[in-house]
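Every value quoted in this text rests on a predicted model; they were computed, and no experiment measured them.
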Amino acid sequence: MTDPKPAAAGKPTIDVNQARSALKFFKIAAFIVGIGLLVLVLEMVLHYGFHNDALAWWPQPHGLLFLVYVAATANLGFKMRWGLGKMVLVILAGCVPFLSFWVERKMSREVEADLAGR
């Protein structure tokens with residue numbers, strides 16, 4: 001097990017290897033949930049617009065996937081020492097179609113830049 005690197009210039013101590021692992025899990029979860037959210041929107045359009053229940057089975061698996069995304073975001077947030085507000089905003093971005101992809105990319109760049117500076 002590696003020891004966390006000492007804090008540099010007022011930055012809290014972060015275990016870089018654990019943070020990189022959490023980032024990878026976050027990126028995968030965010031992508032899957034983003035696609036899943038688009039499928040959920042399609043399910044709603046089919047159900048309410050066309051009375052077609054072809055994807056009526058999808059909301060429950062999507063809910064489970066969203067919980068995995070929440071866990072991935074919390075894991076990354078705690079590893080990177082984010083505040084609760086930031087974690088909540090990133091989680092809420094997973095509820096808006098297409099916004100989840102943008103936020104995932106933005107947070108990934110931010111975390112990678114922060115880890116590169118350690």
Side-chain angles (χ1 to χ4, degrees):
M1 182 149 91
T2 61
D3 290 329
K5 291 185 179 180
K11 293 182 181 179
T13 303
I14 292 175
D15 186 322
V16 175
N17 292 332
Q18 287 184 359
R20 287 191 196 285
S21 177
L23 177 61
K24 186 175 185 178
F25 178 50
F26 169 76
K27 290 168 91 171
I28 292 167
F31 180 76
I32 291 170
V33 167
I35 296 296
L37 184 57
L38 295 177
V39 174
L40 184 64
V41 169
L42 176 62
E43 186 275 331
M44 292 173 65
V45 168
L46 288 174
H47 179 78
Y48 294 108
F50 300 100
H51 305 289
N52 183 329
D53 291 330
L55 292 174
W57 58 272
W58 181 245
Q60 290 78 19
H62 170 71
L64 180 62
L65 292 172
F66 184 74
L67 289 177
V68 171
Y69 171 73
V70 169
T73 302
N75 183 37
L76 179 62
F78 287 129
K79 297 269 191 292
M80 294 302 298
R81 308 284 198 257
W82 291 348
L84 183 60
K86 183 173 186 173
M87 281 191 264
V88 168
L89 288 175
V90 172
I91 289 168
L92 289 176
C95 299
V96 180
F98 298 107
L99 181 61
S100 59
F101 296 110
W102 181 77
V103 168
E104 178 271 325
R105 196 67 213 133
K106 183 177 187 305
M107 292 297 101
S108 294
R109 286 184 185 142
E110 182 180 303
V111 168
E112 287 167 356
D114 189 14
L115 293 177
R118 291 183 184 270

Specify the closest pair of heavy atoms between [X] and [Y], including all atoms of both residues, with the distance to one decimal.
X	Y	result
V68	F25	CG1-CZ, 3.9 Å
V33	L65	CG2-O, 3.3 Å
A19	K79	CA-CB, 4.3 Å
W82	M87	O-CE, 3.7 Å
Y69	I91	CE2-O, 3.8 Å

Among the clusters formed by ILVMFWY side chains lying less than 4.5 Å apart, do [X] and [Y] turn up in the same one?
X	Y	answer
F50	L42	yes
L38	L92	no
F66	W57	yes
V70	L99	yes
L89	M107	no

* Judged by atom type as modelled, is there a donor-acceptor pair below 3.5 Å linking the side chain of S21 to the main-chain atoms of N17? ->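 No, the answer is negative, given that no donor and acceptor are paired below the 3.5 Å cut-off.
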* Does D53 reach the main-chain N or O of A56 with its side chain, forming a donor-acceptor pair under 3.5 Å? ->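 No, because the side chain of D53 does not come within donor-acceptor range (under 3.5 Å) of the backbone of A56.
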* Asked: Taking everything shown except K86 itself, do over 12 heavy atoms lie less than 6.0 Å from its NZ?
  ->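 Atom NZ in K86 is crowded, with more than 12 foreign heavy atoms closer than 6.0 Å.
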To the nearest 0.5 Å, what is the distance between [atom1] ([X]) and [atom2] ([Y])?
X	Y	atom1	atom2	result
M80	F26	CE	CZ	11.5 Å
E110	L115	CD	CG	10.5 Å
L37	F101	CG	CZ	8.0 Å
H62	L67	NE2	CG	9.5 Å
F78	I14	CZ	CD1	13.5 Å

* Without hydrogens or angle criteria, can the side chains of S100 and E104 be said to hold a donor-acceptor pair below 3.5 Å? ->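 No - no donor-acceptor pair under 3.5 Å links their side chains.
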* Asked: Is there a side-chain contact (heavy atoms from CB on, under 4.5 Å) between E43 and L40 once you walk through the steps?
  -> CA-CA 5 Å; E43 186 275 331; L40 184 64; 4.2 Å; yes
